[in-house]
Amino acid sequence: MSIVINTPERIAQLAAQEYVALLNKKPQAVLGFATGSTPLALYAELVLLNRKGELSFCEATSYNLDEYIGIDGIHEQSYRFFMDRSLFNEIDIRMEKTFLPSSSIADEAHLAEFDCEIEKAGGIDIQLLGIGRNGHIGFNEPGTPFASSTHVAKLTESTVQANSRFFLSADDVPRFAATMGIKTVMHAHAIILIALGAEKASIVKTALHGPVTEAVPASVLQLHPFVTWYLDYEAAALL
Ligand code: GLP
């Protein structure tokens, strides 16, 4: 495990260099992407580097961590819409090689196939993660078994409240989401977790230095051999 502490802008640049190194060595890399406000600066940096020709996504495949259940890809708060707008439409990735878990509850029984598809593609080379204030990764809320594969998760009330800032009201936030499981995430060859801001300081400390427990999903990352935690000074304040 390594920990990089810097400003949010510098973190975006440093983390982007991991993608430059990977894609230049392995153009057909498999990338695991995340949503939320945290990865936005990194995505902007990747767009810039792609335009400058320093890296290309044209042979890459991507799998996203999660997607809300019950809103489709044209809904502005769907993670498909978010990814298209903040990254996929702006880079040279082939849209048909960008995958998110299905937002349809009718597909629930088939969600574990998402993991099979990832494995068939060779496994995720870099999985990007943010962290919820309660320690969730993807939508794996506290208590999710470490052995979980991609599944439908019920959002906790604290996550609904945290994510309501993107919706008209908390009532509009979907209560369920399809998410890669913790086992799915842990199968990635390498993981980048970015945490920014004082509101993440307490959970960062707990996840990094507290016991490894299903009560704190991100604590499982202590068991992964290649995780880099990119923290700004505020998120690292309690370390
Ligand atoms: C959501 C996503 C997570 C993300 C988290 C933190 O719930 N499902 O993948 O890490 O929010 O979001 P933010 O980066 O906006 O703090």
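Counting convention: from 1, in listed order, for ligands and their atoms alike. Given the structure is predicted, the values throughout are model-derived calculations rather than measurements. FYI, side chains are in, hydrogens and waters are out, and symmetry mates aren't considered; it's all heavy atoms of this structure.
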All heavy atoms of Ala34 vs all of Leu128, minimum pair found to be CB-O, 3.4 Å
Counting C-beta onward and ignoring hydrogens, is there a side-chain heavy-atom pair between Phe88 and Phe33 closer than 4.5 Å? yes
How close do Ala218 and Trp229 get, counting heavy atoms only, and between which atoms? O-CZ2, 4.4 Å
Ligand 1: protein N/O within less than 3.5 Å of ligand N/O:
residue, atom, partner, partner atom, Å
ligand 1, 7 (O), His136, NE2, 3.0
ligand 1, 7 (O), Asn163, ND2, 3.2
ligand 1, 8 (N), Asp66, OD2, 2.8
ligand 1, 8 (N), Gly138, O, 3.2
ligand 1, 10 (O), Ile131, N, 3.4
ligand 1, 14 (O), Ser37, N, 3.3
ligand 1, 14 (O), Thr38, N, 3.0
ligand 1, 14 (O), Thr38, OG1, 2.4
ligand 1, 15 (O), Ser37, N, 2.8
ligand 1, 15 (O), Ser37, OG, 2.8
ligand 1, 15 (O), Arg165, NH2, 2.7
ligand 1, 16 (O), Lys200, NZ, 2.7

Identify each donor-acceptor pair in which a side-chain atom of residues 6-14 lies under 3.5 Å from a protein atom, sequence neighbours left out, and give them as a table.
residue, atom, partner, partner atom, Å
Thr7, OG1, Arg10, N, 3.2
Arg10, NH1, Gln13, OE1, 2.9

Side-chain donor-acceptor contacts of residues 46-58 below 3.5 Å, not counting sequence neighbours, with atom names and distances?
residue, atom, partner, partner atom, Å
Asn50, OD1, Asp92, N, 3.0
Asn50, ND2, Leu55, O, 2.8
Asn50, ND2, Asp92, OD1, 3.2
Arg51, NH2, Glu90, OE1, 2.8
Ser56, OG, Cys58, N, 3.1
Ser56, OG, Asp92, OD2, 2.6

Identify every side-chain donor-acceptor pair in residues 184-198 under 3.5 Å, counting partners at least two apart or on other chains, and give the distances.
residue, atom, partner, partner atom, Å
Thr184, OG1, Asp115, OD2, 2.7
Thr184, OG1, Gly181, N, 3.0
Thr184, OG1, Gly181, O, 3.4
His189, NE2, Gly122, O, 3.3

